[in-house]
> 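Take this structure first; my questions come after.
Atoms considered below: every heavy atom in the structure, side chains included; atoms not considered: hydrogens, waters and symmetry mates. Throughout, protein chains are lettered first and strands after them, A, B, ... in sequence-line order, and every chain is numbered starting at 1.
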Amino acid sequence: MPELPEVETTRRGIAPHVEGLQVQVVRIRHRGLRWPIPQGLEERVAGQTVLSVGRRAKYLLLQLGSGTLLIHLGMSGSLRLVDPLLPPGRHDHVDLVFESGVALRFSDARRFGAVLWIEGDPAQHKLLAELGPEPLSELVSGEYLFARSRGRRQAVKTFLMDNRILVGVGNIYANEALFDAGIDPRRAAGVISLVRYERLADCVKVVLARAIAQGGTTLRDFVGGDGKPGYFQQQLQVYGREGQPCVRCATPLLRVVLGQRASVYCPRCQR
DNA sequence: CCCGATTCCTGTAGGC
DNA sequence: TGCCTACAGGAATCGG
């Protein structure tokens, strides 16, 4: 599923092919995503030039002349460059057809994604206004996480996945970063020391940067289409490995549910 | 304010 | 082989 590295990989993949180009036609075949695609979006977008392709958290932001097209890939979404004549599949909900004769095609089987039109400053939009800092920015540090976690009794893993604290850490990378940092995902966020948060902040950055460098966990499917883990999967140390031996000490990995999410950890290495 | 539970959807994996 | 069910998961929103 697309996490931040996959979204960033998508951004880098499409930007050179659409920036500076005019959208000729917008074709919408299914408006029922997480929120309905707004009526009239076709008319607002057609004829405009893509000034830039940006990203905030897991949201892609196509900056156009008079507004911003916000795209979220949800869990099963993808954006691919295709020949507009290629017959759309069942889950190919939106095409942006460019003057260059290429189409940007949005597909999303589970329809947890979103395509919205924003006028004015996107940072003020309801979906973006309350978001915490980007994980790879210097704003996210051990000191920051330590300060924000004081007084909180929730598990450190759910704290780490809270978009108001920091963005871009989904379930896969939360599990991996906590393993790398040697922290038990069930521990109360508010009682973890500054030193351990320094380590955790480092591990979050390293694991995300590595995944981005490798084109995300789902690179293969970013091109091919469906959302199974790709290259980075071979390097996952705990995610999806319940019952298998810890790569460090061979103790069988345990699974617990935190915040309705599967959490896998090593009971010996993570305290 | 804090935090866990619920909800959307459908492809896939596992059980029989 | 094929049917059936449980599960996965981002994040807004609800409920306590």
> To the side chain of A/Gln260, which of B/dT10, B/dT6, C/dA11 is closest?
B/dT6

> Can a side chain N or O of A/His72 be found less than 4.0 Å away from OP1 or OP2 on C/dG10?
no

> Can you check the A/Asn171 CG to C/dC7 P distance for me, whole Å?
16 Å

> Identify the heavy atoms of A/Val169 and A/Glu3 that sit nearest to each other, and give their distance.
C-OE1, 4.0 Å

> Is there a residue in residues 142-162 of chain A whose heavy atoms reach under 4.0 Å of DNA chain C, and which residues are they?
none

> Using the side chain to side chain contact (heavy atoms under 4.5 Å, CB included) rule, take A/Asn175 and A/Ser263 through it: C-alpha gap first, then chi angles, then the decisive distance, then the call.
CA-CA 6 Å; A/Asn175 276 295; A/Ser263 307; 3.9 Å; yes

> C/dG10 C1' sits how many Å from A/Asn163 CG, rounded?
8 Å

> Any side-chain N or O of A/Arg110 below 4.0 angstrom from OP1/OP2 of C/dG10?
no

> Write down the distance between CG (A/Leu33) and P (C/dG9), rounded to a whole number of angstrom.
21 Å

> For A/Arg164, answer base if it contacts any base atom (sugar-phosphate contacts may also be present), sugar-phosphate if it contacts only those atoms, and nothing otherwise; contact means non-hydrogen atoms under 4.0 Å.
nothing

> Atom OH of A/Tyr173 and atom P of C/dA11: how far apart are they, to the nearest Å?
14 Å

> Without decimals, in angstroms, what is the distance between A/Leu73 CG and C/dA11 P?
10 Å

> Could you tell me whether the side chain of A/Leu160 reaches within less than 4.5 Å of the side chain of A/Leu200, counting heavy atoms only?
yes

> Can you measure A/Leu70 atom CG to C/dA12 atom P for me and round it to whole angstrom units?
11 Å

> Between A/His91 and A/Arg34, which residue's closest nucleotide on DNA chain B lies nearer the 5′ terminus?
A/Arg34

> OP1, OP2 of C/dA12 versus side-chain N and O of A/Tyr59: anything below 4.0 Å?
yes

> Minimum heavy-atom separation for A/Leu4 and A/Glu134, please, with both atom names.
CD1-OE1, 3.9 Å

> Of the nucleotides B/dC9, C/dG10, C/dA8, which has the atom closest to the A/Arg111 side chain?
B/dC9

> Work out which heavy atom in A/Asp108 is nearest to a heavy atom in A/Gly113; give both atom names and the distance.
OD2-N, 2.8 Å

> Any idea which heavy atoms bring A/Ser137 and A/Lys205 closest together, and the distance?
O-NZ, 2.7 Å

> Considering only NZ, NE, NH1 and NH2 on the basic side and carboxylate oxygens on the acidic side, decide whether A/Glu42 and A/Arg27 come within less than 4.0 Å.
no

> Starting from the first five and the last five pairs of the helix from B/dC2-C/dG16 to B/dC16-C/dG2, work out the angle between the resulting helix axes, to 10 degrees.
50°

> Donor-acceptor pairs are to be reported for all side-chain atoms of residues 123-132 of chain A against protein atoms at under 3.5 Å, with residues two or more places apart or in another chain.
| unit_1 | atom_1 | unit_2 | atom_2 | d |
| --- | --- | --- | --- | --- |
| A/His125 | ND1 | A/Leu127 | N | 3.0 |

> Check each residue of residues 120-131 of chain A for a non-hydrogen atom within less than 4.0 Å of any atom in DNA chain B, then write out the ones that pass by number, or none.
none

> Any idea which heavy atoms bring A/Ile165 and A/Phe159 closest together, and the distance?
CG2-CZ, 3.7 Å

> Show which side-chain atoms of residues 57-65 of chain A pair as donor or acceptor with protein atoms under 3.5 Å away, not counting sequence neighbours.
| unit_1 | atom_1 | unit_2 | atom_2 | d |
| --- | --- | --- | --- | --- |
| A/Gln63 | OE1 | A/Thr68 | OG1 | 3.2 |
| A/Gln63 | NE2 | A/Gly67 | O | 3.4 |

> In whole Å, what is the span from the CE atom of A/Met75 to the P atom of B/dG11?
13 Å

> Roughly how many Å is it from NE2 in A/His93 to P in B/dC9, rounded to a whole number?
12 Å

> What residue pairs, at least two apart or across chains, pass salt bridge (charged side-chain N to carboxylate O under 4.0 Å, His left out) with a residue in residues 189-204 of chain A?
none

> Would you say that more than 12 heavy atoms from the other residues, nucleotides or ligands in this model lie under 6.0 Å from the CD of A/Glu138, or not?
no

